[in-house]
Amino acid sequence: QLQASGGGLVQAGGSLRLSCAASGSIFSSDAMGWYRQAPGKQRELVAAISGRSTVYRDFVKGRFTISTDNAKNTVYLQMKNLKPEDTGVYYCNAASPADDYWGQGTQVTVSS
């Protein structure tokens, strides 16, 4: 129901764009978001979008952009100026009061 893609290996300062394709009903969730989990750490929110409103964690502000393509039922995370500390598995999430869906994750590795 949520299919994430776009991860990979990139050098520090590089860019990647993650995509998360959702089924129609899930894409209609109240909010879509991207989370990440670094080795040995808890999963954390990176960015979220609900309608035209977006939320970013301080550590990605000015570098990452979350957006949606309603025609493709897809949510994107454009990542620029990547840093080694951005390394982790990135998960997309769709949330409503009664439901919570997770994609399978895509690995992002940033080398120094």
Side-chain angles (χ1 to χ4, degrees):
Q1 279 76 0
L2 286 174
Q3 186 71 32
S5 61
L9 173 64
V10 64
Q11 289 187 333
S15 300
L16 284 174
R17 189 179 78 159
L18 306 183
S19 300
C20 180
S23 62
S25 60
I26 294 176
F27 192 73
S28 300
S29 297
D30 288 354
M32 302 286 292
W34 286 96
Y35 289 70
R36 72 186 185 190
Q37 187 167 18
K41 295 187 177 181
Q42 290 188 331
R43 191 174 299 186
E44 61 183 357
L45 175 69
V46 174
I49 185 167
S50 177
R52 296 183 178 182
S53 298
T54 56
V55 174
Y56 297 94
R57 297 293 300 278
D58 285 346
F59 50 75
V60 302
K61 281 183 180 178
R63 300 188 299 122
F64 291 10
T65 303
I66 189 170
S67 63
T68 57
D69 184 332
N70 294 336
K72 296 181 178 180
N73 286 359
T74 300
V75 59
Y76 301 99
L77 186 68
Q78 177 67 54
M79 306 185 292
K80 299 180 179 180
N81 191 22
L82 283 159
K83 304 176 180 181
E85 52 264 42
D86 294 318
T87 294
V89 180
Y90 283 69
Y91 298 89
C92 60
N93 170 264
S96 293
D99 297 297
D100 195 23
Y101 300 94
W102 291 92
Q104 84 284 7
T106 185
Q107 176 70 44
V108 172
T109 303
V110 185
S111 62
S112 58

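Predicted, not measured: the structure shown is a model, and the values here were computed from it. Counting from 1, the numbers follow the sequence of the chain as shown.
Note on Val46: it clusters hydrophobically with Ile49, by side-chain heavy-atom contacts below 4.5 Å among ILVMFWY residues. Placement of Val108 and Phe59 within a single hydrophobic cluster is found when ILVMFWY residues are connected by side-chain heavy-atom separations under 4.5 Å, directly or transitively. Both Leu82 and Val60 are assigned to one and the same hydrophobic cluster, defined by single-linkage of ILVMFWY side chains at heavy-atom distances under 4.5 Å.
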Next on the checklist: Under the criterion side-chain contact (heavy atoms from CB on, under 4.5 Å), I'd like the reasoning laid out for Leu77 against Val75: C-alpha separation, chi angles, the key distance, then a yes or no.
Outcome noted: CA-CA 7 Å; Leu77 186 68; Val75 59; over 6 Å; no
Checklist entry - Does the side-chain contact (heavy atoms from CB on, under 4.5 Å) test come out yes or no for Ile66 and Met32, once each step is laid out? => result CA-CA 9 Å; Ile66 189 170; Met32 302 286 292; 5.5 Å; no
Item to check | Test log, rule side-chain contact (heavy atoms from CB on, under 4.5 Å), inputs Lys41 and Arg36 | outcome: CA-CA 9 Å; Lys41 295 187 177 181; Arg36 72 186 185 190; over 6 Å; no
Item to check | Worked check of side-chain contact (heavy atoms from CB on, under 4.5 Å) between Val89 and Thr106 | outcome: CA-CA 5 Å; Val89 180; Thr106 185; over 6 Å; no
Item to check | Full working for salt bridge (charged side-chain N to carboxylate O under 4.0 Å, His left out) between Asp58 and Lys61 | outcome: CA-CA 5 Å; Asp58 285 346; Lys61 281 183 180 178; 3.2 Å; yes
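Between Trp34 and Phe64, the ring centre distance reaches or exceeds 6.0 Å.
No side-chain donor-acceptor contact under 3.5 Å links Ser53 to the backbone of Gly51. A donor-acceptor pair under 3.5 Å links the side-chain atoms of Asn93 to the main chain of Tyr101, judged by distance alone.
Here the shortest heavy-atom pairing between Thr87 and Val110 reads OG1-N, 2.9 Å. In plain terms, the two heavy atoms of Gln1 and Ile26 that are nearest each other are CB-CD1, 2.9 Å. The minimum heavy-atom distance linking Tyr56 with Ala47 is given by the pair CD2-CB, 3.6 Å. Between Ser29 and Ser96, the shortest heavy-atom distance links the atoms CA-OG, 3.3 Å. Contact record, Pro97 with Asp30: CD-OD2, 2.9 Å, taken as the closest heavy-atom pair.
Atom CG in Asp100 sits 6.0 Å away from atom CH2 in Trp102 (nearest 0.5 Å). Taken from OH in Tyr35 to CZ in Arg57, the straight-line distance is 9.5 Å, to the nearest 0.5 Å. Distance check, rounded to the nearest 0.5 Å: CG of Asn73 to CD of Gln3 gives 14.0 Å.
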Side-chain polar contacts of residues 12-24 - donor-acceptor pairs under 3.5 angstrom, sequence neighbours left out - could you list them?
none

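Tested against Tyr90, the residues Gln37, Arg43, Gln107, Met79 include a single side chain to side chain contact (heavy atoms under 4.5 Å, CB included) partner, Met79.
The hydrophobic cluster around Tyr76 extends to none of the other residues, as no ILVMFWY side-chain heavy atom falls under 4.5 Å of it.
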